[in-house]
Amino acid sequence: MYPEYMLESIKRLKATRKERMEQKFPMRTPKQKEELLKGFHPDYIASSMRTLKVGPNKGDKTPHELANLLEAYPVLDLSKLDLSRPDRDVDVLIIGGGGAGASAALVAHKAGANVLVVTKLRIGDANTRMAQGGIQAADKQNDSPVRHYLDVMGGGHFKNVPELVRALVLDAPGVVAWLEELGVMFDKEPDGTMITIHGGGTSRKRMHAARDYTGAEIMRVLQDELLNRDIPRVEFAGATELLTDGNGGVSGAVLVNLETGEKLVVRAKTTILATGGCGRLHIQGFPCTNHYGATADGLVLAYRAGAKLAFMDTIQYHPTGVAYPEQIVGLLVTEKVRSIGAHLVNLQGNRFIYELESRDITASAIIRECKERNNGVQTPTGRFGVWLDTPLIEILKGAGTVKKSLPAMHHQFERFGIIMDKEPILTYPTQHYQNGGILINDRAETGLRNLYAAGEVAGGIHGRNRLMGNSLLGILVFGRRAGNTAAKAAKAIKQKPKIGLGHIEPFVAELKKAKIPEGRKSPMLLPDYRRPEMRRPYAFLTQ
Amino acid sequence: MPKQEMVTIYVMGKAYKVPKDLTIMDAMEYAGYQFIRGCGCRGGFCGACGTIYRTRDSYKLKVGLACQTVIEDGMYLTQLPFFPANKATYNIRKIRPTTQTLVKFYPEIMRCISCNACTKICPQDIDVMSYINAAIKGDNEAVADMSFDCIMCGLCASRCPAEIVHYNVALLARRITGSKIHKRSSHLKERLKEIRERKFDKDIERLMKSSEQELSKMYYDKKIRDIEPR
């Protein structure tokens, strides 16, 4: 339910609807885009970042919140840990139980590897589960992977690593077919034709969806498959350190049981990091769309062991996070809402940007509308936002479309008394995705021997800005590739690898030399949302 | 700042004063709880934070996701982050679905006594009992459609006197529907063939070798990269 004063602006929105439907809104030119980004995108606030003094990316810039974790001391002192008798010995250790970890596990297991999946929460607790809008694949007649390639590069400002984009677009149809075979219920016509729509920055309608539960649907199927094949897994076990072989290779990890504090030493011939992103760092104080566990752990572990990161100075802010009601501020309002016709409308009832520009451009335009032009709608708690004219979808696509195509969104707002097929919803950019990550090649190999990365933790695929529907895709493309490469590599390793923590000492020495405050510890594993006076280290860290 | 209005909630019977208007999850964190269990996506998609509660002056059992439900004064709550569930093991590729498939893997669905407790407790407002009815009749597609919003929180299973694990039955029905009942996409098959025949390799190779300027030119050229109408 909206307070009285906001209804004034909604009246204006309704009054301009007819006119807006006729209006052709031009795409921004390259020059206009640059102006928008430089002027209003949060990445361009120089004071929000700092130059790293330690580690493989020394000299590169990254947000303070992430730098505080990369340049930090081990959260657990493992120097007295007995490594002579590992608790588990496996071919492929997969850290992370989201879409990338699960798909890597399925592929590696099928290739005959002895696999172990570990995750700090439950299997399936991941951003994958929260992805609503869809997954891209150029599988229609009027489309091609070549087009998809160009769209991806344009979205990423032409900085993406070419071989990764090639892998992404050429694997895409195969990934969708794999999911179809596993029983993911994509939206289809009765004859089997995929119902596909646009996303921001796509030149063809190639977004495949499962209502607005696309990621949840994919995740629950992959999870079920892990159980059916009885692939070994350990839940509530957070990785605090990688193990190394003293010769530049990675050979497993040390995990901590989040419930009991017990340590688990896993020796592995190959290790795949599939730990996801960093939304819960709340870069620049932004709310986020991410899972509770999105705390950049994989970046920290890999960085400490010597792996290079890429594009760590670019964070994706999703243009439309919830701005009202306060209880769900920052949660995702899927781009699909705009794909199927909703306009972005300011306080005065006017459009101000073409709704399907790429995310960084749209987010910047919304920030400009609120901060510079004072055209934002203020909420009772002092936030600003712009309207998404969701009732327009009903007019354009027919009555009942919102409930049918966006059931999760509809339900979410309904819980707070907002009926989004009758009233617009208020949105503002929210931290959504880590565009960069551990630099990989098209076999999902990192710079360290026997360490692989897939999913949001991996970097280079999306350049400086990811397009909608390419994260679910990237997760599965590189999850599968990582599973495949790691299983093959493990097969070629005949002896159990040496394990140690030899990489920690020189890193700590570097930290001390750079005068990094000793109290700074990582990985974070879980965020702390208690009120400040109640905060203290998690029990599993002190047990 | 005006003084925050406080209300009292009872977490597993223990009283805490917390600011009004918070969600159950935020209120518990305000009170000092650290979540390891009972907290997942914080966005209503993962089913980790199913919560059962009562309010003053009512005998009724209510339910909500802790991350999506606003507290009420006097709310008396407990979370149910996990419930032991029976799951059948199957090879989805080998299943040839009939009206008996769901019953074969989950015979306990026949024990449904139509008490409707599952539907009443579902935080997603799914008509759970009706889809179990459809499962008994062997209508895979109806089960799949009706259960689609399921987040597998397990509350239905916790209330079922017949010990049915509804959400696993529904998951099997959806997988059968997605892989066996809905028609496969012919355009997808054709594209896969083209990719196997390496139809796009040369063109992609060319793009990979292009400079940023060349790519940018192609990207903004409406003849090369025309945009399909929304």
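Because the structure is predicted, anything quoted here is derived from the model rather than measured. A note on names: the letters A, B, ... follow the listed sequences, proteins ahead of strands, and every chain is numbered from 1.
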Check each atom of [X] against the heavy atoms of chain A and say whether the ones under 4.5 Å are side chain, backbone, both or neither.
{"X": "B/Pro123", "result": "backbone"}
{"X": "B/Leu65", "result": "side chain"}
{"X": "B/Glu190", "result": "side chain"}
{"X": "B/Arg230", "result": "both"}
{"X": "B/Asp21", "result": "both"}
{"X": "B/Met152", "result": "side chain"}

Open item on the list: Between A/Arg129 and B/Cys41, does the side chain to side chain contact (heavy atoms under 4.5 Å, CB included) criterion hold? Intermediate values first, please.
Closed with: CA-CA 8 Å; A/Arg129 186 165 224 110; B/Cys41 74; 5.6 Å; no
If you look at every heavy atom in [X] and [Y], which pair is closest and at what distance?
{"X": "B/Asp203", "Y": "A/Val146", "answer": "CB-CG2, 3.7 Å"}
{"X": "B/Leu188", "Y": "A/Val176", "answer": "CD2-CG1, 3.9 Å"}
{"X": "B/Ala48", "Y": "A/Arg122", "answer": "CB-NH2, 3.3 Å"}
{"X": "B/Phe148", "Y": "A/Arg211", "answer": "CB-NH1, 3.3 Å"}
{"X": "A/Pro173", "Y": "B/Ile195", "answer": "CG-CD1, 3.5 Å"}
{"X": "A/Gly192", "Y": "B/His187", "answer": "O-NE2, 4.5 Å"}

- [ ] For this output row, return yes or no: ring centroids of B/Phe200 and A/Tyr149 closer than 6.0 angstrom.
- [x]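 Aromatic pair excluded; centres sit 6.0 Å or further apart.
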Heavy-atom distance under 4.5 Å to chain B: side chain of [X], backbone, both or neither?
{"X": "A/Met219", "result": "neither"}
{"X": "A/Phe540", "result": "side chain"}
{"X": "A/Arg280", "result": "side chain"}
{"X": "A/Met194", "result": "both"}
{"X": "A/Val184", "result": "backbone"}
{"X": "A/Leu525", "result": "neither"}
{"X": "A/Arg220", "result": "both"}
{"X": "A/Thr289", "result": "neither"}
{"X": "A/Pro325", "result": "neither"}
{"X": "A/Leu150", "result": "both"}
{"X": "A/Lys188", "result": "side chain"}
{"X": "A/Ile328", "result": "side chain"}
{"X": "A/Arg229", "result": "side chain"}
{"X": "A/Leu170", "result": "both"}

Task: Heavy-atom neighbours of B/Arg198 CZ exceed 12 at 6.0 Å - done: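 No.
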Open item on the list: Between B/Arg225 and A/Asp151, is the side chain to side chain contact (heavy atoms under 4.5 Å, CB included) condition met? List the steps.
Closed with: CA-CA 9 Å; B/Arg225 186 176 165 275; A/Asp151 288 354; 2.5 Å; yes
Say you draw a straight line from [atom1] of [X] to [atom2] of [Y]; how long is it, rounded to the nearest 0.5 Å?
{"X": "A/Gln412", "Y": "B/Cys67", "atom1": "CD", "atom2": "SG", "answer": "8.0 Å"}
{"X": "A/Glu180", "Y": "B/Lys183", "atom1": "CD", "atom2": "NZ", "answer": "13.0 Å"}
{"X": "A/Asp139", "Y": "B/Ser186", "atom1": "CG", "atom2": "OG", "answer": "10.0 Å"}
{"X": "A/Leu121", "Y": "B/Ile36", "atom1": "CG", "atom2": "CD1", "answer": "8.5 Å"}
{"X": "B/Leu192", "Y": "A/Trp178", "atom1": "CG", "atom2": "CH2", "answer": "14.5 Å"}
{"X": "A/Asp230", "Y": "B/Thr89", "atom1": "CG", "atom2": "OG1", "answer": "7.5 Å"}

[X] versus [Y]: any side-chain heavy-atom pair under 4.5 Å?
{"X": "A/Arg166", "Y": "B/Glu205", "value": "yes"}
{"X": "A/Tyr529", "Y": "B/Arg42", "value": "yes"}
{"X": "B/Met208", "Y": "A/Val165", "value": "no"}
{"X": "B/Glu212", "Y": "A/His157", "value": "no"}
{"X": "B/Glu228", "Y": "A/Lys140", "value": "no"}
{"X": "A/Phe236", "Y": "B/Arg37", "value": "yes"}

Side-chain ([X]) to main-chain ([Y]) donor-acceptor, under 3.5 angstrom:
{"X": "B/Arg191", "Y": "A/Ala138", "value": "yes"}
{"X": "A/Arg204", "Y": "B/Asp226", "value": "yes"}
{"X": "A/Tyr292", "Y": "B/Phe35", "value": "yes"}
{"X": "B/Gln34", "Y": "A/Leu526", "value": "no"}

Open item on the list: I'd like to know if B/Arg184 and A/Glu181 make a salt bridge, using a cut-off of under 4.0 Å between side-chain N and carboxylate O.
Closed with: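 Looking at B/Arg184 and A/Glu181, the cut-off is not met.
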Open item on the list: Once salt bridge (Lys or Arg N to Asp or Glu O under 4.0 Å) is applied, do any residues pair with B/Arg175, and if so which ones, sequence neighbours excluded?
Closed with: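 Applying salt bridge (Lys or Arg N to Asp or Glu O under 4.0 Å) to B/Arg175 gives A/Asp224, A/Glu225.
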Open item on the list: If the test is side chain to side chain contact (heavy atoms under 4.5 Å, CB included), which one of B/Thr23, B/Asp26, B/Thr69, B/Leu22 qualifies with A/Gln327?
Closed with: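 With A/Gln327 as partner, side chain to side chain contact (heavy atoms under 4.5 Å, CB included) holds for just one option, B/Thr23.
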Open item on the list: Determine whether B/Ile227 and A/His198 satisfy the following criterion, side chain to side chain contact (heavy atoms under 4.5 Å, CB included), listing intermediate values before the conclusion.
Closed with: CA-CA 10 Å; B/Ile227 294 174; A/His198 268 301; 4.3 Å; yes
Task: Between B/Gln124, B/His182, B/Met218, the one whose heavy-atom pairs under 4.5 Å with chain A are most numerous - done: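 So the answer, after comparing B/Gln124, B/His182, B/Met218, is B/Gln124.
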Task: Selection from B/Thr177, B/Ile92, B/Ile176, B/Leu171 maximising heavy-atom pairs under 4.5 Å formed with chain A - done: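 The answer is B/Leu171.
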Open item on the list: Between B/Asp149 and A/His411, do the side chains contain a donor N or O and an acceptor N or O under 3.5 Å apart?
Closed with: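 Absent: no donor and acceptor within the cut-off.
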TODO: May I have the step-by-step check of side chain to side chain contact (heavy atoms under 4.5 Å, CB included) for A/Asn228 and B/Lys87, ending in yes or no?
DONE: CA-CA 9 Å; A/Asn228 279 337; B/Lys87 198 199 101 63; 2.7 Å; yes
Task: Sequence-distant partners of A/Glu163, side-chain hydrogen bond (donor to acceptor under 3.5 Å, both in side chains), two or more places apart - done: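 side-chain hydrogen bond (donor to acceptor under 3.5 Å, both in side chains) check on A/Glu163 returns nothing, list empty.
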